[in-house]
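Shown next, in structure tokens, is the structure this report addresses.
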There are 4 protein chains.
Amino acid sequence: MSALAQDNDSKKGRPRSDASKRAILDATRRLLNHTTVQKLSIESIAKKAGVGKTTIYRWWPSKASVAMDAIFTQPGFQNIVPTTSSAAEGIHIQLQKIVTQLNGKNGRVVAQIISEIQDDYEAVEAFHKSFMQARCFQLAKLVDQGMKSGEFRDDIDIETTVDTLMGPIIFRLMSGLVMTENYADKVMDAVLPGIKA
Amino acid sequence: MSALAQDNDSKKGRPRSDASKRAILDATRRLLNHTTVQKLSIESIAKKAGVGKTTIYRWWPSKASVAMDAIFTQPGFQNIVPTTSSAAEGIHIQLQKIVTQLNGKNGRVVAQIISEIQDDYEAVEAFHKSFMQARCFQLAKLVDQGMKSGEFRDDIDIETTVDTLMGPIIFRLMSGLVMTENYADKVMDAVLPGIKA
Amino acid sequence: MSALAQDNDSKKGRPRSDASKRAILDATRRLLNHTTVQKLSIESIAKKAGVGKTTIYRWWPSKASVAMDAIFTQPGFQNIVPTTSSAAEGIHIQLQKIVTQLNGKNGRVVAQIISEIQDDYEAVEAFHKSFMQARCFQLAKLVDQGMKSGEFRDDIDIETTVDTLMGPIIFRLMSGLVMTENYADKVMDAVLPGIKA
Amino acid sequence: MSALAQDNDSKKGRPRSDASKRAILDATRRLLNHTTVQKLSIESIAKKAGVGKTTIYRWWPSKASVAMDAIFTQPGFQNIVPTTSSAAEGIHIQLQKIVTQLNGKNGRVVAQIISEIQDDYEAVEAFHKSFMQARCFQLAKLVDQGMKSGEFRDDIDIETTVDTLMGPIIFRLMSGLVMTENYADKVMDAVLPGIKA
DNA sequence: AGGTAACCGAGACGGTACGTCACGTCTTTAC
DNA sequence: GTAAAGACGTGACGTACCGTCTCGGTTACCT
């Protein structure tokens, strides 16, 4: 069960309709092909999904949550951890995967989700839990591992280093600037010399 | 004249009221102390400023534009170019100024503006023109200057380097993460070793 | 159900609120004591009735429709058919009732409704259905009955005769001229000699 | 000078522009071919006439006044008094002229003017002065003349008789009902038998 | 001849109301 | 007890006109 939505713990009564859930997420995905998260409305999702508004409100606290569920449960949006020989290579692969995930349509939607969330603390938390945290944590782990193995210098600040890896990507994402497919390489070229032992 | 609002080039007819303009920007600034850009409404600005809604719509295309005008015309939000001995020092000072500008209340508002803008291409352009461009361009110039003077390596990619400088700041800004006053130093420590000759 | 408003035929969903309907018509009646139909606004009705504007728009197509519903559903505005010995007496009574209904406050409102309606074909139809038709039809029936019983001449034009009965009343109503309580008698005196056998 | 607009009594200063006056009335007439008096706006007249709004407000108190000036100064809208042998014939001709004037496009506009005026006492007065009064007064004079000459009975109420002549026409005008070209004949047939000696 | 008073066009201004949209809640019936 | 349907109060949207105002300019008359 996703962390974005409520749980259905009760045993009594009619059980939650999985058909409805699927219809809602499908409708959301389809609508996001033609509009932005900002212009998306609970009402339009409900109508397109053939579902009552209350059903959506029962399980998700906001349209941003629905959008997150719709986007992050798509195939290709998991944060699968690679096994590599060197820390640098691991970081490179990880960055490449993130760039791929955030390029094109999906990237726009993620940018819109980040935007939509700005004044909702709980949603920010949910977003970090379901997207940022895992990716950043893994980068941090790889940096740490590189430091311990002697591949990287031992006096670098892990947190800031992760920022210089993720930051540029998010920066370009939010700026609406073009992000070429080889942008991960560029970031690696820029950051690696500064941390190599 | 700001790039955010229409101009009043015509000589005919009643001239634009400066009092109204000031009242609108003042009201916006005061309202932004208590709400977010998202929750701000043209109607509330008009009411607080004692102004007709049409007067706002006449000169600004959206509430985000008003917010930008209100924030970026504040004292302390100019991008004054420092003269320094070394490129590194120039970059450092520039980053510090940006961190200062984006820390606290104003930073939240800028984050909200970036958010509010996501589905409006024209507004994104306006934002970059009035905030990002000057700051990024200057960083690029400093990097370039450092390369030419031999202070930095001559094989670095300027654009990506600028991304590694600005990216972390924007990343933390949009993530709602804490950004300590010395965050500029941290970014410098992380990035400088990679570009020094 | 009045012809002025939409119907709520569907069985599904939350049923129409009778409390809101009553509140709207009451508020309209109270407001019409202090203003004209022209100066009446949907917004003021909504505010006074403690109701959303959309609720009004859902059931009535225009403020004139609301006004009609408010006025014509008042007690004393029904077109009750009298049983009389002679056609002339029936006509007289009918005219007297109409004059009574259109004298004073209510008359002003009806005049304003007729005015408000002038550029809305559908509303004109609705007005005739809910006010004019029944009254004119009954006058026509009485004239016809008088012709058949030999009380009136048999070569008169029913439609035009009804016009000479209703016409003067509406004429004075729309002209803002005084209409004394005995105006019905005057019209009878003027028209009857021309149609008596 | 029309009774509808202000006068230009002052001798000093730039004199009133006749070109503007004509442009305003022309524009109004052209606009009234495509809309109603209700939907007409001072702003649209000003724009179409190439004239400042203030110029209109300076000379006319309301759009209804402008419309009256535009309509009633057209050729064919004068109330020329005929000389006839009998009172009945004079009345007949007068009614026919009124029906002709109020049939078709112009009739619709007059109906709209009457409507537009309802809550403006001054405008009602102006309307009666420039349209109703002359026509009703002449009918009254003819009725009076017929009574005195023995053509009509001597116990009829002049005012109410005029009402039975004008009333039906205004009634049909305001009701949006068809008014055939021979409607004057019908009214004569209905009213004359009741007043003939 | 110059001053000045009233006109004119343009168009910005503070307002009011419009009719629409989406919100999140509520109240039905149906399953 | 969950669901679809849809009415409800609320609040903001962006637009249209209102009637007023302030500009720069343009006539005319009156010293």
Side-chain angles (χ1 to χ4, degrees), chain A residues 8 10-17 19-20 23 39-47 49-59 61-63, chain B residues 8 10-17 19-21 23 39-44 46-47 49-59 61-63, chain C residues 8 10-17 19-21 23 39-44 46-47 49-59 61-63, chain D residues 8 10-17 19-20 23 39-47 49-59 61-63:
Chain A
N8 184 14
S10 167
K11 300 289 175 188
K12 286 182 183 177
R14 181 172 173 178
R16 173 170 185 186
S17 158
S20 289
K39 285 173 187 154
L40 192 66
S41 73
I42 297 278
E43 232 149 55
S44 64
I45 296 174
K47 192 169 185 182
V51 141
K53 276 198 289 178
T54 10
T55 304
I56 300 178
Y57 283 116
R58 205 182 329 268
W59 304 110
S62 67
K63 68 179 172 184
Chain B
N8 186 15
S10 169
K11 295 288 173 190
K12 289 183 178 178
R14 182 175 175 175
R16 175 171 186 182
S17 158
S20 289
K21 182 180 175 178
K39 282 173 188 156
L40 190 66
S41 73
I42 297 277
E43 227 149 62
S44 65
K47 194 170 183 179
V51 139
K53 271 199 288 180
T54 25
T55 301
I56 301 178
Y57 284 115
R58 203 182 340 262
W59 303 111
S62 66
K63 67 179 173 186
Chain C
N8 185 12
S10 170
K11 297 287 173 193
K12 289 183 177 178
R14 183 175 174 176
R16 175 171 186 183
S17 158
S20 288
K21 180 181 176 178
K39 283 172 189 157
L40 190 67
S41 73
I42 296 277
E43 226 149 61
S44 66
K47 192 170 185 179
V51 141
K53 273 198 289 180
T54 23
T55 303
I56 301 179
Y57 283 114
R58 206 184 333 267
W59 303 112
S62 65
K63 68 179 170 185
Chain D
N8 185 14
S10 168
K11 298 289 172 190
K12 286 183 185 176
R14 180 175 175 175
R16 174 171 185 184
S17 159
S20 288
K39 283 173 190 156
L40 192 66
S41 73
I42 296 278
E43 231 151 57
S44 66
I45 296 173
K47 192 169 185 180
V51 141
K53 277 199 286 178
T54 4
T55 303
I56 300 178
Y57 282 116
R58 204 182 335 262
W59 304 111
S62 66
K63 69 179 172 185

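Residue numbers start from 1 in every chain, and the chains themselves are labelled A, B, ... in the order their sequence lines are given, proteins ahead of strands.
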In this structure, how many angstroms lie between the [atom2] atom of [N] and the [atom1] atom of [X], rounded?
X: A/Lys39; N: F/dC13; atom1: NZ; atom2: P; answer: 16 Å
X: B/Lys47; N: E/dT16; atom1: NZ; atom2: P; answer: 10 Å
X: D/Arg14; N: E/dC8; atom1: CZ; atom2: C1'; answer: 5 Å
X: A/Ile42; N: F/dA4; atom1: CD1; atom2: C1'; answer: 16 Å
X: D/Ile45; N: F/dA16; atom1: CD1; atom2: C1'; answer: 15 Å
X: A/Lys53; N: E/dT28; atom1: NZ; atom2: P; answer: 18 Å
X: B/Leu40; N: F/dG11; atom1: CG; atom2: P; answer: 16 Å
X: C/Ile56; N: F/dT10; atom1: CD1; atom2: P; answer: 12 Å

Exercise. So A/Arg58 and A/Thr55, side chain to side chain contact (heavy atoms under 4.5 Å, CB included) or not? Walk me through it.
Worked result: CA-CA 5 Å; A/Arg58 205 182 329 268; A/Thr55 304; 4.3 Å; yes
For this session: Mark yes or no for a side-chain to base donor-acceptor pair under 3.5 Å between D/Ser17 and F/dT27, with no hydrogen or angle criteria applied.
Result: no
Looking only at heavy atoms, which two atoms of [X] and [Y] are closest? And how far apart?
X: B/Ala49; Y: B/Ala23; value: CB-O, 3.5 Å
X: A/Ile42; Y: A/Ser62; value: CD1-C, 4.5 Å
X: A/Ser44; Y: A/Ser41; value: OG-O, 2.7 Å

Exercise. What is the nucleic acid contact for C/Ser20, judged by heavy atoms within less than 4.0 Å: base, sugar-phosphate only, or nothing?
Worked result: sugar-phosphate
Exercise. Which sits closer to the 5' end of DNA chain F, A/Thr54 or B/Ser44, going by the nucleotide each is nearest to?
Worked result: A/Thr54
Exercise. Start at the 5' end of DNA chain F and walk down; is the nucleotide closest to C/Gly52 or to D/Lys63 reached first?
Worked result: C/Gly52
Below 4.0 angstrom from OP1 or OP2 of [N], is there any side-chain N or O of [X]?
X: C/Arg58; N: F/dC8; answer: yes
X: A/Trp59; N: F/dA3; answer: yes
X: C/Thr55; N: F/dG9; answer: yes

Problem set entry | Comparing C/Ser41 and B/Gly50 on DNA chain E - which has the more 5′ nearest nucleotide |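 With C/Ser41 and B/Gly50 compared, the 5'-side residue is B/Gly50.
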Problem set entry | Nucleotide nearest A/Glu43 when distance is taken to its side chain, options E/dC23, F/dC8, F/dG25 |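 The answer is E/dC23, which lies nearest to the side chain.
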For this session: Consider the side chain of C/Val51, meaning its heavy atoms from C-beta on, and name the nucleotide among F/dG14, F/dA4, F/dG9 that approaches it most closely.
Result: F/dG9
Problem set entry | Worked check of side chain to side chain contact (heavy atoms under 4.5 Å, CB included) between C/Lys21 and C/Trp59 | CA-CA 9 Å; C/Lys21 180 181 176 178; C/Trp59 303 112; over 6 Å; no
